[in-house]
Amino acid sequence: MTDTRAVALWLLVTALLVLGGGIAWMRHVQMEIPLLPGEAKPVWLVEARVDFVATGGPVRISLDLPEELPGFRLFTEQAASPGYGFAIIEATDDRRGEWTRREATGPQTLYYTAQFIVEGDREPARVVGHPRPREVFFEEPEATAASELIGTALARSSTPESLTREMVRLLANPEIDQNAALLRAAGLGRAELLARLLNIAGVAAHVAQGLELEDARRRRPLTPLVEIPVDGYWRVFDPVSGRQGLPENMLLWHRGGTSLLDVEGGTQSQVSFSMLRQSVPALQLAQAQFGDSPLAAFGIAALPIEEQGLFKLLFLLPLGALVVAFMRIVVGIPTSGTFMPVLIALAFVQTSLGLGLVSFITVVAFGLLLRGYLSYLNLLLVARIATLVVIVILLISLLSIFGYRLGYSTGLTITFFPMVIIAWTIERMSILWEEEGPREVLVQGGGSLVVAVLAYVLMELRIVQHLSFNFPELNLVLLAGILVIGQYSGYRLSELRRFRDMRAFSQ
Amino acid sequence: MSFISPRVLSRLGVLGLNGRNRNYVARYNPRRAFPLVDNKLETKRILEAAGLATPALLFVVRHQFEVRDIGARLEGHASFCIKPAKGSGGKGIMVIERRSGDRFVKASGAELGIEQIKRHVSNALAGLYSLGGQPDAVIVEELIEFDPSFSGLSHEGVPDIRIVVFQGYPVMAMLRLATHASDGKANLHQGAVGVGLDLATGRAIRAVQYTRPIREHPDTGRSLDAISIDDWRNMLLLASRCYEPTGLGYLGADLVLDRSKGAQLLELNARPGLAIQVASGCGLLPRLRAIEARVAEHRESAEERVAFAVEAFAAQPHA
């Protein structure tokens, strides 16, 4: 019978461990809630600046905004441009920021700022639908040169990737290849030229614009790149070096399709980018990003701030309970009352340790003295405790006023001690004093304080506060720990001392 | 600081608090039986119903208003003992040995007026001595007249015999002697002397105070080596028979030897302490396991159980 009970208990413990640890781990992985406090994540702050000269009429500026970002994720974005209306217009596979104004004259500057989180995962963008090669026409003699160059490249390649590489290589050496020299002289730009040639060769290539991220750079242009669809993904090529794949610090700002910047009612338009590398607390990032994830239901970040503050304290209690269970069952420290030490520790968390200890001991000692007198007055027990509560309140207010006069406004924090706890402590201690003598008062009172201080020290650890608040499900793990301790039937540390004289019988 | 290694402790078969609570108290003592022994009035009732000897009840005080009449109700009782029904660990017990005029004389020789007795009873009724401060009842019972063989053994308080009974089998016994240090209480951790008794004979094995071996009573100087309890077999029988009416598989029976009435049960304890092991110089575990094996095969009467225990747990002479 006890066997099945033990099995059930261990199953329960395992289930709690798996459940608590599992949910915590899932929330860590999926919602990126950091396991350690103070963890920061690199974030790129990118500012796009659009300059143009307004011609006096209505103005509409439309800037392509990044949508799918291999290796990055958009965190926040905002536009700052006084006098302009701003909206983000989302179409399928395309996001554009649109600034509008009824009238504007002279040089104008618009800003769009966004923060990008660096992600480890650099999976290339997926191809949506079936992109078809564009119809591209060259004038003679470029048309002949193009078809000859394409023929050469096709002959030396077998796949779209190798075709692209071959073309880049051919175009790179105008001295050797006359066709390349002729085509490059047309003044199209390497990326556009490559994309056109690829489209003629039957590859649905497009030009993309990437932003090379470098800390504290200003007025940077975009770098043109060529993307070709291969096996359902867009593969990126550098049109000059032929390098395949997206460089690590390259943010794909603009991808194919529409234009980067449309300006109506202005001339001499120009886009430039400035960037800054920042650190943002990982916790803040996680909360901002995954606030509405189903896993967030387990977090308390969704509650109003007031309740959050309450839970921040409340979720420290299980740890205190575990400490008490451990200290009493395994170490064998006597405490007065089972969970009084936890409550004292909780009060210390709010008052700070030194001050909390001093005021707690002062109030309890004063209370004990007064209680001695009360017992002389021969009152009934309940009345005596009630009297104590009143006296304790007076004592605390006296202490606070005294502390305030001395310039310690922190003296006021003693009010955090649960009044009844103090009164009850005094009552229990004085009975203990009468019944078992002052030594027992010191032993049990001291034991309670030692356990309280220990629980306090643990509760004050930043990592503990961080974990208990952000991963409340870890309380299930604590619960498992308490269940395990509850099964301990071995000796307490204190018993190894208590029974030390039994050594005489162990020849 | 010196410690004993847990391996040595477990080789000696010493039972620890966790082991006692989990493997014996929780397993063998049904919860519903606890109130029977936590309330001395209830205990007295079942013991009397089972025909087990216990000091006669003079009267019970249940309400504060009855405290006024206490003087009248004590009329004619020169010696008595006041106990809170739910007091634990000897808390709140007041022993009046005789009267001197209208004053009451405690065992220590201190004299009390009726007002002080009333106050004590009123405190006890309000729950000062009960667990959790619950309202309590107060028992006033006949005072035990100690057998002369106990004279000089105890300072102020009551010398009593604690017998641990496991599933009706006595397993270990000790004599507890109050000292000046223990303030007349029989609690070993407060400084009372514990004298381990040979379960077979009722003779002293060794004596300890604060876990240290001693040979003489620290206050009276009386030698503790030669102690031998009269009427020992009866005492074991009385303790052993507490099992059936209470249903407590693991209990501590506190007994005294009255001059004329012989062995008397004072109270029962559902969570008997572990100091008895130090007093006896041996661990409880081997004996408890032997009983568990025995019970698996036999159903025995109290006499048979005592006979088995006397046989199995006789003290081995040691250095």
Side-chain angles (χ1 to χ4, degrees), chain A residues 1-2 5-6 9 325-326 328-334 337-338 371 374-386 423-424 427-428 430-440 443-444 485-507, chain B residues 1-12 14-24 26-27 64 87 89-92 115-116 118-119 122-130 133 135 181-183 185 187 189-191 206 208 210-213 274-275 277-278 280-283 318-319:
Chain A
M1 182 189 79
T2 41
R5 214 188 293 181
L9 204 132
F326 181 83
R328 283 179 64 120
I329 295 177
V330 179
V331 180
I333 288 189
T338 317
R371 200 242 165 233
L374 286 178
S375 115
Y376 167 78
L377 285 181
N378 195 12
L379 294 176
L380 288 178
L381 180 79
V382 180
R384 207 157 47 212
I385 295 184
W424 194 244
E427 184 61 28
R428 286 282 109 187
S430 55
I431 291 175
L432 211 57
W433 194 303
E434 281 173 15
E435 292 282 311
E436 327 244 321
R439 192 173 157 270
E440 199 61 20
V443 167
Q444 288 199 14
I485 290 181
Q487 294 193 85
Y488 178 71
S489 59
Y491 299 114
R492 298 175 183 181
L493 196 59
S494 60
E495 285 174 339
L496 298 185
R497 178 153 176 77
R498 177 183 175 191
F499 293 124
R500 64 190 182 282
D501 293 314
M502 296 291 281
R503 270 181 304 204
F505 302 96
S506 68
Q507 302 90 348
Chain B
M1 292 281 269
S2 75
F3 290 91
I4 185 169
S5 117
R7 204 172 304 150
V8 174
L9 213 50
S10 102
R11 202 174 60 229
L12 285 167
V14 172
L15 182 64
L17 271 174
N18 293 327
R20 180 200 72 180
N21 291 344
R22 217 173 110 72
N23 299 335
Y24 295 97
R27 193 172 296 168
Q64 291 286 355
K91 283 180 194 166
E115 282 312 311
Q116 279 160 295
K118 282 182 182 171
R119 189 176 117 200
S122 161
N123 273 343
L125 282 176
L128 182 63
Y129 308 106
S130 67
S182 77
D183 194 25
K185 304 242 164 52
N187 285 336
H189 75 274
Q190 287 175 327
R206 67 192 294 254
V208 291
Y210 294 121
T211 82
R212 279 183 298 278
L274 302 169
Q277 301 176 105
V278 181
S280 304
C282 65
H318 53 73

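Proteins come first, then strands; the chains are lettered A, B, ... in the order of their sequence lines, and each starts at number 1.
B:Phe3 pairs with exactly one of A:Glu495, A:Arg503, A:Arg497, A:Arg500 by the side-chain contact (heavy atoms from CB on, under 4.5 Å) rule, that one being A:Arg497.
In this view, B:Arg22 satisfies the side-chain hydrogen bond (donor to acceptor under 3.5 Å, both in side chains) rule with no residue, not counting sequence neighbours. Scored by the side chain to side chain contact (heavy atoms under 4.5 Å, CB included) test, B:Pro213 finds B:Arg206 as partners (sequence neighbours excluded).
Residues B:Ile4 and A:Arg498 fail the side-chain proximity criterion, which asks for heavy atoms closer than 4.5 Å. A:Leu496 places a side-chain heavy atom less than 4.5 Å from the side chain of B:Pro6.
Ranked by heavy-atom pairs under 4.5 Å with chain A, the first of B:Cys282, B:Ser10, B:Ser5 is B:Ser10. With respect to chain A, the highest number of heavy-atom pairs below 4.5 Å among B:Val8, B:Thr211, B:Val208 belongs to B:Thr211.
Pairing each heavy atom of B:Leu9 with each of A:Phe499, the nearest pair is CD1-CB, 3.6 Å.
Residue contact with chain A, scored on non-hydrogen atoms closer than 4.5 Å, involves the backbone and the side chain of B:Leu274 alike. Residue contact with chain A, scored on non-hydrogen atoms closer than 4.5 Å, involves the backbone and the side chain of B:Val278 alike.
Of the possible polar contacts, one joining the A:Tyr491 side chain to the B:Val14 backbone as a donor-acceptor pair under 3.5 Å is found.
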Report the C-alpha separation of A:Ser489 and B:Asn18 in whole Å, then their side-chain angles, then the decisive distance to 0.1 Å, and conclude whether the side chain to side chain donor-acceptor pair (under 3.5 Å) test is met. CA-CA 5 Å; A:Ser489 59; B:Asn18 293 327; over 6 Å; no

